[in-house]
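Notes to accompany the following structure.
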Amino acid sequence: MKHLGQEERQEKDLHLFSVGICENIREEHLVQLNEAGEWLLAEEEIIVADETEQKFLYILVEGEVEIFKFREGVEPGNPQERQVFSTLDTGSCFGEMAFLSGGLASANVWAKGRAILWRMSHEMLLKYVEDCKGGSQLVLNIAATLSSRVQEGNRRLLDVTSRIGEQIRKLKSAGHDNLEGMETELNDLMKAYQGMEASRPDEDL
């Protein structure tokens, strides 16, 4: 990924908007937030790698990103090697759960074509909260986003549980003793659930 300097940002007129986790932040505080984080250009590359330490909260300013996991046992380059959970577009944020907990990323994030991103580390967030009145609103917005993620996670967990039960019922009614098919299905379902963290789009710009 390429870091974008101030001159490049001004030339491309890049800035954050008062939507999503930036909602209700006043214009002058958004200007400070623009400078409080880092600006990046990514092209057809992994932005966040699955199961690596997640140090940043990201906002997608331009372009699209794909949330996916690599399927186990599938050779690299195979069209089926990726299990895609969702595609996020302009205005979406991702990585906030692992970012705040200091945990690991639960999926890969891939730049589809050209994407421009803004990101903030823990240290950057603390400094912004300390220096700017808009910091309290940003923290509230992040908390609201996390609450929404948890609710979505609960819904997905219920869906996964229901689908597992349905698979078991089908196998029992068919009299199958071979559970390989069910094991594959369960693995795919659980991977889909694990990838839920960054797969729910926020408001668009």
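This structure is a prediction, so every number in the text was calculated from the model and none was measured. All values below come from the heavy atoms of this structure, side chains included, with hydrogens, waters and symmetry mates left out.
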All heavy atoms of Ser92 vs all of Asp89, minimum pair found to be OG-O, 2.9 Å
Show me the donor-acceptor pairs, under 3.5 Å and distance only, between side chains in residues 124-134 and residues at least two apart or in other chains.
from, atom 1, to, atom 2, distance (Å)
Lys127, NZ, Asp131, OD2, 2.6
Tyr128, OH, His29, O, 2.9

So with a 6.0 Å cut-off around CD of Glu7, is the heavy-atom count from everything else above 12? no
Gln80 atom CD, over 12 foreign heavy atoms within 6.0 Å: no
Distance, nearest 0.5 Å, that separates CD of Glu53 from CG of Leu104: 7.5 Å
Minimum heavy-atom distance between Glu23 and Asn141, given as atom pair plus value: O-ND2, 2.7 Å
Would you call Arg114 and Glu62 a salt bridge, taking side-chain N to carboxylate O under 4.0 Å as the test? yes
Could you check whether the rings of His15 and Phe17 sit parallel, tilted or perpendicular, using 30° and 60° as the cut-offs? tilted
Just do the side chain to side chain contact (heavy atoms under 4.5 Å, CB included) check on Glu35 and Arg9 with the steps written out, would you? CA-CA 11 Å; Glu35 303 303 319; Arg9 300 201 318 267; 2.6 Å; yes
Same cluster or not: Leu30 versus Ile142, using hydrophobic residues (I, L, V, M, F, W, Y) connected whenever any side-chain heavy atoms lie under 4.5 Å apart? yes
Is there side-chain contact between Leu16 and Ile25, with heavy atoms separated by less than 4.5 Å? no
Tell me which pairs pass ring pair (Phe, Tyr, Trp, His ring centres under 6.0 Å) where either residue lies in residues 40-64, with sequence neighbours left out. Tyr58-Phe94
Nearest atoms (heavy-atom pairs only) where Asp50 meets Ala105: OD1-O, 3.2 Å
When rounded to the nearest 0.5 angstrom, what is the spacing between CG in Leu4 and CD in Glu38? 11.0 Å
Answer whether the closest heavy-atom distance between the side chains of Trp118 and Leu14 falls below 4.5 Å. no
Please tell me if the side chains of Ile59 and Arg119 come closer than 4.5 Å, counting only heavy atoms from C-beta onward. no
Looking at Trp110, does the NZ or CZ of Arg82 lie under 6.0 angstrom from its six-membered ring centre and within 45 degrees of the ring axis? yes
Which atoms form the tightest heavy-atom contact between Leu88 and Cys93, and what is the distance? CD1-O, 4.2 Å
Atom CD of Glu75 with >12 non-hydrogen neighbours under 6.0 angstrom: no
Taking the side chain as everything from C-beta on, heavy atoms only, tell me whether Leu117 gets closer than 4.5 Å to Ile47. yes
Pairing residues for Glu51 by the salt bridge (charged side-chain N to carboxylate O under 4.0 Å, His left out) criterion, not counting sequence neighbours: none
Supply the atom-to-atom distance Gln54 CD to Ser106 OG, rounded to the nearest 0.5 angstrom. 9.0 Å
Do Val31 and Val19 land in one hydrophobic cluster if side-chain heavy atoms of ILVMFWY residues count as linked below 4.5 Å? no
Ile46 side, atom CD1; Glu66 side, atom CD - distance, nearest 0.5 Å: 10.5 Å
Test item: Phe70 and Asn108 side chains (from C-beta on) under 4.5 Å apart, heavy atoms: yes
Is there a side-chain contact between Met120 and Leu138 (heavy atoms, below 4.5 Å)? yes
Hey, does Glu8 have a side-chain heavy atom less than 4.5 Å from the side chain of Lys2? yes
Exam field: side chain Ser86 to backbone Ile67, donor-acceptor pair closer than 3.5 Å: no
Hey, could you give me the SG/CD distance between Cys22 and Gln137, rounded to the nearest 0.5 Å? 10.0 Å
Salt bridge present between Lys69 and Glu81 (N-O < 4.0 angstrom): no
Under a 4.5 Å cut-off applied to non-hydrogen side-chain atoms, are Lys112 and Glu43 in contact? no
